[in-house]
Each structure stands twice: as structure tokens, then as C-alpha cells.
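Single-structure report; data block below.
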Protein chains: 2
Amino acid sequence: MRNECIDCECVLRSSVELKDCQIEMLGGHHALVKFRKGDSIIKQGVFSTNVIFLRKGMEKVHISGPSREQIVRLVKAPTYLGLPTTFGDKINQYSVTAVLDSEVCFIDLGVFKKLLGENREFSSYILMELCKSELEAYRRCASRTQKQMRGNLADVLLEFSENLFETDQFTLPLSQSDIGNWVDAGRESINRALSEFIQDGIIEMTGRKVKITDKKLLRTISQNG
Amino acid sequence: MRNECIDCECVLRSSVELKDCQIEMLGGHHALVKFRKGDSIIKQGVFSTNVIFLRKGMEKVHISGPSREQIVRLVKAPTYLGLPTTFGDKINQYSVTAVLDSEVCFIDLGVFKKLLGENREFSSYILMELCKSELEAYRRCASRTQKQMRGNLADVLLEFSENLFETDQFTLPLSQSDIGNWVDAGRESINRALSEFIQDGIIEMTGRKVKITDKKLLRTISQNG
DNA sequence: AGAAAGATGTGACATATCTCACAAAATAAA
DNA sequence: TTTATTTTGTGAGATATGTCACATCTTTCT
């Protein structure tokens, strides 16, 4: 099998120096897999001994709540997925589903841990990522509950345009139901709010294609709540 | 200065083997400080180059949200505090305030990082802690939004009795306002719900002293929402 | 002790969202 | 192409909580 890790633009290469022998090791213990939009990549409750590196695509992270499934996060490549599973009981603690066609690399957990132990730079990178996630979760919690729906929806649109797609024009990778789920609102409320945004000239929409036309106002809505 | 680390029941000793020279190093670069209930231990936005190990006590972790301060977590000793600050820009990313009298150990960040690099067992312990926090944050988010107030309040009471104090009788370390803030509810709602719980024979209260008398029912309320 | 600040009870009312109910579109499957 | 299935668009009514307004109580500070 050819060692794809050598060409991989993964975080390992870009921000962390790996020794050749370490790349070699990865090469021998991974599996590159493609997923289509809508496919489940990680399923909560299932036993797993892999870490997953997302090479291409975008995924929603969701966790089963008391009464329904809850989207807690949207991530885009490149990033690692399922780390919290790694260090616990090897049971996936949440689910990850592709919202865009994706390419993913399954890495053997043992190899991953070995790498962590050998490469200090790498382990501190992972540590940092985990810290960021935790903070992000806290911030999101505070926002979602203190703002009302329009503010949260504005946040989502800004998130898409600034972090996820990095353009003012993009195609929503989530249904209105999913967006509602993500921001703790009903589908209908999201729908109505989107209509308002269009009428107020903040965005234009054709199907799921969105164009942000008044980002300033969108920011205001995001802030005041 | 006497090396208190040698007697410290801290996580370093209990779950991770440290070499004598490493304990020595800690001893030379730390400061033990006592805080009284209500004192601020970590203040969001302030520059800091310390990791904090909580030896005794209980703290609330709060973060400034769009419109007000939001409690995101309650922690008890022994644990580390302020890790997310550690690996970022050295600015505290949230605040920590004592809700009970506490004893805390300020550890020099450099020393802490050195330890992380040298002791694989220790760094994997920290990694694990971070993973747990992240998951906990996700779960909490899902719960808080999907359950209604009574369910969340029940959760808080169970959290106190099962994780934080580990008894069915305890004294609430938070005001009703704080509890409300924590579970995303108004102070008044919490007050009314507590009265209901008392009337339904689920708990008894004298001032802030709580005694859980029907834990089974409390669990039911926690679950159904 | 006395004053000031904060914490707790409780009522009445406003309101942002949820929920239910259907119809029209758009996608996916056959 | 036709048939299912999933999304989206809108209305009307129900409701869980928030908000405001006071009246105790407590605790803290001077």
C-alpha cells in the first residue's frame, strides 16, 4: 500500500514536525475512506479503536440528549475527530455525520498514542485543540441561552461565512431543522427568522444558497441578542 | 520553604508517579494560597502564567456571555483549574470563584509544561481530564436545552448529592440566583420549583440546608424533563 | 447595635417560542 | 417518469418562563 501520509496535508505535517519513521508508522496503520454527505462516520455507543483524521469535508457532531439528538458542533477539515473516545473506554461518546462529501483517515489508536508519547510537539498540539474545544463549548452554551433566536441564527450565518466557508456566499449544508436543533430553536422559528432576514435585506437566498449582503447588521443582531 | 508537595494529596501523587526530582521542582515553584468563600481565584481577561491546582474546596467556573456572566460548571477538589489558559495566549479565558473556603496551589506554567513533557503518564492524565470536560460540556448543553426547568433543577440537586458532596444532606453553596444562572432559569422560577419539591415531599429544606428525601422521584423528574 | 446590602418568598402579566396542522416544493428512490 | 420522502412555508393557539414589583428575612459591614 502506498503511504498516503507523505502527501497528506494533515495537521501532522503542517504544524508539527514528524520524523520519517513516524510517518512510516502512520502509513502502515491507517485507512483512507470516503464518505458521502449524510453518511455516519462515528456512531455514539459503538466500540472503536481508531482516531479519525478528517482530510476533506465538513461534519456535524451530535450527541444524544434526554429527548432527542442534539447537534453540538460543526467542524471542517483539517481536524481530528473522536478524540474524547480515545482516552476513555473506547466507546464513542458522540456521533459524527458528514454534511458534505468527506475524506477521512482512520488511524490505529495504538499508533496514535505512541505518536503522542514520542512527539512532544504533537501532544501539545492535541492538548491545545482540546482546550479550544472546551472553551468553545462554554462560550456557545453562554451564547445560546442568553441570546434569543435571531441572535443565534445570526451567529450561525456568521460562523458559516467566517470560519467554515470563509466567503459571504455559500450553500447551507444543514436543513432548517438541523439549524434549529443546533441553536436550540424549532424549525418553524428558524424559517420565519430567515424570511425576516431576507426582507430586511440582510441576506439573499435561492434554495439553500445564501449570500450575506449586510454583514454589519447581521453582526449587530448577533450582538444585541 | 518547606516542600508541601511531598504531603500534598494532589493528583500528581495519587494517580501519577512523579520522580523525586520532579517533586523537588514543583516544590521550588509553587505557592499555596487560601481563599475564602466568595473570593475570586481566576479572573477572565487577566494575564496569568500559573496553573492552579485546587487542593481543597469547591469553585464555580463562569464565563462572560453576551449579556451577563454565566456559570458553566461547578468543580470540587482535587482538580486542576485554568488549563485552557495554559495553552493559549496566557489570558484567562474564564473566571473561577470559590463557593466554599478553598486551598489552592499556584504552579509555575513553565514547570507545569516541563512536567507534561517529561512525564507521559501525567500528560495523558491531563489529556483525559480535558476530554472529560469537553464531553461534560456537550452533555450539559444538550440537557439544559432539552429539559425544562424542573428537570434541570433536579439534575443540580442530584449533582450535589452524588458527585459534589456525596451525601443526601448538604448545604447549598450557591444562591438561588446562581442556581438559576447555572441552569438557564430565572431566580424566581428556581424558588418556586424548590417550593414545589418541598411540597411534593422530594426534599426538605432549612435555610440552605437540603435533605433529599425521595431520590427516586427526583430521578424521575430529572429524566422526563 | 444599627444600617446597608443581598437573598428569599410570591403575585400578576407580558411574550418569545413551541406545538399542531396543512399545503406546496424540492429531493431521492423506484 | 412516477412515487415516496424529506424539506420548506405559514397560520393560530397554548404555555413555560421571564420580568417587574414588593415584602420579608439574612447576612455583612461600620
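Quick note: numbers below take in every heavy atom, side chains included, and nothing from hydrogens, waters or symmetry partners.
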Suppose we screen for side chain to side chain contact (heavy atoms under 4.5 Å, CB included). Which residues come up paired with [X], at least two apart in sequence or across chains?
| X | result |
| --- | --- |
| B:Ser177 | B:Ser175, B:Arg187 |
| A:Glu159 | A:Asn163, A:Leu164, A:Trp182 |
| A:Ser95 | A:Gln44, A:His62, A:Glu69 |

- Inspect the contact between B:Asp101 and B:Lys34 and indicate whether a charged nitrogen and a carboxylate oxygen are less than 4.0 angstrom apart.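 Salt bridge flag = no for B:Asp101 with B:Lys34.
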Partner set under salt bridge (charged side-chain N to carboxylate O under 4.0 Å, His left out) for [X], not counting sequence neighbours:
| X | answer |
| --- | --- |
| A:Arg150 | A:Glu196, A:Asp200 |
| A:Arg219 | A:Glu162 |
| B:Lys37 | none |
| B:Glu59 | none |

- Query: What salt bridge (Lys or Arg N to Asp or Glu O under 4.0 Å) pairs are there with at least one residue in residues 39-48 of chain B, not counting sequence neighbours?
  - Reply: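 Matches after skipping sequence neighbours: none remain.
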- Task: Select from B:Arg150 and A:Leu174 the residue whose nearest nucleotide in DNA chain D is closer to the 5' end of that strand.
- Result: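 Going by which nucleotide is closer to the 5' end, it is A:Leu174.
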Nucleotide [N], atom [atom2] - distance to [atom1] of [X] in whole Å:
| X | N | atom1 | atom2 | value |
| --- | --- | --- | --- | --- |
| B:Ile190 | C:dG9 | CD1 | P | 12 Å |
| A:Glu196 | C:dT17 | CD | C1' | 13 Å |
| B:Leu172 | C:dT8 | CG | C1' | 13 Å |

Please write out each protein N/O paired with an N/O of nucleotides 13-15 of chain C under 3.5 Å, distance rounded to 0.1 Å.
none

- Message: Protein within reach of the bases, or only the backbone? For nucleotides 18-30 of chain C, mark each nucleotide 5' to 3' as B, S or -, using heavy atoms under 4.0 Å.
- Response: SBBB---------
- Query: So do A:Arg139 and B:Gln93 actually touch side chain to side chain, heavy atoms under 4.5 Å?
  - Reply: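 Answer yes - side chains close enough.
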- Task: Answer yes if the side chains of B:Lys215 and B:Ser161 hold a donor-acceptor pair under 3.5 Å, and no otherwise.
- Result: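 Yes, a side-chain donor-acceptor pair sits under 3.5 Å.
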- Query: Under 3.5 Å, is there a donor-acceptor pair linking the side chains of A:Asp184 and A:Gln70?
  - Reply: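 Note: A:Asp184 and A:Gln70 side chains meet the donor-acceptor criterion.
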- Query: Given axes from five pairs at either end, by how many degrees does the helix from C:dA1-D:dT30 to C:dA30-D:dT1 bend, rounded to 10°?
  - Reply: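 Its terminal axes enclose an angle near 60°.
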- Query: Can you pull the contact range of chain A along DNA chain D, 5' to 3', using atoms under 4.0 angstrom from its heavy atoms?
  - Reply: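 In short, chain A contacts DNA chain D from D:dT7 to D:dA12.
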- Do A:Tyr80 and A:Phe112 have their ring centres less than 6.0 Å from each other?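 When the ring centroids of A:Tyr80 and A:Phe112 are compared, they turn out to be within the sub-6.0 Å range.
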